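Heads up, the thing below is written out as structure tokens.
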Amino acid sequence: MIPGVATAMGFAYHVRMNTFSNAFQSEIVRIARRELKPELQAMRKMLSGHRLEIAALKREIKALVSQSKAAQRAVAPSQAEEAAPPGKPRQVRFKAQAFAEKRAALGITQKDMAKLLGASVLSVYKWESGHVQPRAAQLERIVQVLRMGKRTVLETLGQP
């Protein structure tokens, strides 16, 4: 027997089930879409509302972050030191270029600077070139030497 062909009383005729099934399926899809349309519209409306709220919250966060940064910049360094807990060392920011300029202003060589700091000449070179940052213990000694005047440095080194 051939699929899609039926016989009745000896006559063959084609079954039109394919057309019927397509029409039935498209009608079900149409009805389902009609039923879901109001729900989908409500969900789309809520989604756009949520997106607006998220955008507003992001703007608010951005404004608060900028206010926080401005407030931190407004605090004077002396106030920040007073606010730091006692016994905790002050944070010092090391700048290689400033270190090299101060050494040149003092009129001493890298070898002399190394002698003052109790470090190697190679360490002083690496600090000045910016390849390496000094450790916290060395940083304290660097701060002390940078606060010295030219006479004090030359006296410490034993030069006239």
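Values reported hereafter were calculated over all heavy atoms of this structure, with side chains retained and with hydrogens, waters and symmetry mates removed. Just so you know, these numbers come straight off a predicted model, no measurement behind them.
Under the 4.5 Å side-chain criterion, counting only non-hydrogen atoms from C-beta, P134 is in contact with I142. Using a 4.5 Å heavy-atom cutoff, the side chains of E60 and L57 are in contact. Within the 4.5 Å cutoff, the side chain of R147 has heavy atoms near those of the V143 side chain. A 4.5 Å side-chain heavy-atom check between R135 and L139 finds every atom pair outside the cut-off.
Listed for the T156 side chain is a donor-acceptor partner under 3.5 Å among the backbone atoms of T152. Without hydrogens or angle criteria, S129 side chain to Y125 main chain gives a donor-acceptor distance under 3.5 Å. Side chain of S26 to main chain of N22: a donor-acceptor pair is present (N/O by atom type, distance under 3.5 Å, no hydrogens or angles). A donor-acceptor contact shorter than 3.5 Å links the side chain of R103 to the backbone of I108.
Residue-environment remark: CD (Q25) stays at or below the threshold of 12 foreign heavy atoms within 6.0 Å. Within 6.0 Å of atom CZ in R30, more than 12 heavy atoms from other residues, nucleotides or ligands are found, so the atom counts as buried in its surroundings. In this structure, F24 places its CZ atom where only 12 or fewer heavy-atom neighbours from other residues, nucleotides or ligands lie under 6.0 Å away.
Atoms NZ and CZ, from K37 and R44 in turn, are 9.0 Å apart once rounded to the nearest 0.5 Å. With rounding to the nearest 0.5 angstrom, the CG atom of L157 is 9.0 Å from the CE atom of M113. Atom CE of M46 and atom NE2 of H50 lie 5.0 Å apart (nearest 0.5 Å). Put simply, OG on S120 and CD on Q110 are 10.5 Å apart, with the number rounded to the nearest 0.5 Å. Here the CD atom belonging to E128 is positioned 11.0 Å from the CD atom belonging to Q97, to the nearest 0.5 angstrom. With values rounded to the nearest 0.5 angstrom, L122 atom CG is found 10.0 Å from H131 atom NE2.
Between R141 and L117, the closest heavy-atom pair is NH1-O, 2.9 Å. For the residue pair M148 and K102, the shortest heavy atom distance occurs at O-NZ, 3.9 Å. When all heavy atoms of P38 and E35 are compared, the closest pair comes out as CD-O, 3.5 Å.
Ring-plane geometry between F99 and W127 is classed as perpendicular, the angle between the planes exceeding 60 degrees on a 0 to 90 degree scale with a lower cut at 30.
The closest side-chain donor-acceptor pair between E140 and Q144, if any, does not fall under 3.5 angstrom.
Following chains of ILVMFWY side-chain contacts shorter than 4.5 Å, one can reach F94 starting from L106, so the two form part of one hydrophobic cluster. V124 and V121 sit in two unconnected hydrophobic clusters of ILVMFWY residues. Membership requires side-chain heavy atoms under 4.5 Å apart, directly or through other members.
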